Amino acid sequence: MGIRLLIADDHHVVRRGLVFFLKTQKDITIIGEAGNGKEAVELAKSLKPDIILMDLAMPEMDGIEATRIIKSDEPNIQILILTSFSDKDHVIPALEAGASGYQLKDIQPDELVRCIKSIMNGENQLHPKATSSLLANLSKKESLPKSRLEELTKREKDVLIEISQGKSNKEIAESLFITEKTVKTHVSNILSKLELSDRTQAALYAVKHNLG
């Protein structure tokens, strides 16, 4: 079956285009389509996909609310936001709702496939414009204690900065001249020391504390 994927988008032409292309990928199986957020929640519960491509602006229920409900009910389902919006009012709420990635609809098809696979490998995938929104507009939520940041080694802080820029483990390894295995170890240590659940939260943490 490979990666079991659900597509949620209210634009029929967009949805059909995604289905048509992704069906050509031998390791991705389209198991369902939703035309709004409410349908996405219902299908997520019944089909239990590995990952959902989620639009934001949809009738009945928007993608952010749908993401929040799905991640609350089915935390193992990964959600990749695929939208036209890159401003802070969409990016930050979507990530805080539990999305593992945020990409714009002008993404190249092959890059979309790479993002889907990377998310399934535990890597967050943020479009550069989404990353810019995070950096330019810090989340107003109360920051975590600074003391936790002091527990990180210099190399762990370097890795955290790279994570905040949306880089994959491979890109971080190349940038810091270390192995991917070492990067994975650092990421695990960072999440443990900062008491965070995933890379996306780590990226938000780095932004809140003006790292980099």
Side-chain angles (χ1 to χ4, degrees), residues 3 50-52 54 63-65 67-81 86-103 114-212:
I3 299 171
D50 297 316
I51 187 168
I52 301 173
M54 182 80 76
I64 291 173
E65 183 62 21
T67 296
R68 186 176 292 110
I69 293 172
I70 291 168
K71 291 300 289 186
S72 175
D73 294 342
E74 304 285 346
N76 290 329
I77 294 177
Q78 302 301 314
I79 297 179
L80 170 57
I81 302 297
S86 61
D87 59 282
K88 71 178 178 65
D89 294 330
H90 289 91
V91 175
I92 293 175
L95 296 178
E96 291 184 335
S100 299
Y102 196 108
Q103 294 294 334
R114 188 192 69 77
C115 285
I116 291 170
K117 292 179 179 178
S118 293
I119 286 175
M120 293 310 301
N121 285 328
E123 298 178 8
N124 64 314
Q125 292 293 314
L126 304 182
H127 187 282
K129 287 184 180 178
T131 304
S132 296
S133 287
L134 285 176
L135 293 173
N137 302 279
L138 303 184
S139 173
K140 294 179 181 177
K141 283 194 170 184
E142 186 178 345
S143 297
L144 295 171
K146 284 268 187 180
S147 58
R148 289 187 196 165
L149 194 57
E150 293 167 3
E151 293 180 18
L152 300 184
T153 65
K154 182 182 182 304
R155 182 55 89 187
E156 287 167 353
K157 287 179 182 177
D158 291 339
V159 171
L160 181 56
I161 291 170
E162 298 285 321
I163 290 174
S164 73
Q165 296 170 357
K167 292 185 179 180
S168 67
N169 284 353
K170 183 178 180 181
E171 290 170 333
I172 295 173
E174 291 173 352
S175 177
L176 299 180
F177 303 103
I178 55 180
T179 66
E180 282 189 63
K181 184 177 180 181
T182 301
V183 173
K184 287 181 180 179
T185 300
H186 285 319
V187 172
S188 178
N189 290 339
I190 289 167
L191 297 181
S192 176
K193 289 180 179 180
L194 300 183
E195 297 181 16
L196 302 172
S197 60
D198 57 37
R199 293 168 68 101
T200 305
Q201 286 189 7
L204 287 171
Y205 182 95
V207 171
K208 288 176 185 176
H209 289 88
N210 297 314
L211 285 184

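All residue numbers in this chain count up from 1 along the given sequence. Bear in mind the structure is a predicted one, so any value in this text is a computation, not a measurement.
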Taking atom OG of S175 and atom CD of Q165, what is their separation to the nearest 0.5 Å? 7.5 Å
Heavy-atom closest pair (I81 atom, A99 atom, distance to 0.1 Å) is CG1-CB, 3.7 Å
Residue list, side-chain hydrogen bond (donor to acceptor under 3.5 Å, both in side chains) with K193, at least two apart or on another chain: E156
State, to 0.1 Å, how close Y102 and A94 come at their nearest heavy-atom pair, and which atoms those are. CE1-CB, 3.8 Å
Report yes if some heavy atom in the side chain of T182 is under 4.5 Å from a heavy atom in the side chain of R155; otherwise report no. no
Name of the residue among T179, V183, I178 meeting side-chain contact (heavy atoms from CB on, under 4.5 Å) with K181: T179
Can you check side-chain contact (heavy atoms from CB on, under 4.5 Å) on L149 and Y205, steps first, answer last? CA-CA 9 Å; L149 194 57; Y205 182 95; 3.6 Å; yes
Looking only at non-hydrogen atoms, find the nearest pair between V91 and S86 and report the distance. CG2-O, 3.6 Å
Report yes or no: does S118 contribute a side-chain atom to a donor-acceptor pair with the main-chain N or O of R114 at less than 3.5 Å? yes
So CD of Q103 and CD1 of I119: to nearest 0.5 Å the spacing works out to 7.5 Å
Within the side chain of S188, is there an N or O that forms a donor-acceptor pair under 3.5 Å with the backbone of K184? no
Taking all non-hydrogen atoms of both residues into account, name the closest pair between I190 and L152 and its distance. CA-CD2, 4.2 Å
From L80 atom CG to S100 atom OG, the distance as rounded to the nearest 0.5 Å: 8.5 Å
Quick check against the 3.5 Å criterion: does E171 have a side-chain atom that pairs as donor or acceptor with the backbone of K167? no
Student check: side-chain heavy atoms of H186 and D158 closer than 4.5 Å: no
Hey, does the side chain of S164 reach the backbone of I161 with a donor-acceptor pair shorter than 3.5 angstrom? yes
For a 4.5 angstrom cut-off between non-hydrogen side-chain atoms, does N169 reach R199? yes
What distance separates L160 CG from I172 CD1, expressed to the nearest 0.5 Å? 9.0 Å
Nearest 0.5 angstrom please: N189 CG to L194 CG, how far? 10.5 Å
Which distance, rounded to the nearest 0.5 Å, do you find between the CE of M54 and the CD1 of I64? 10.5 Å
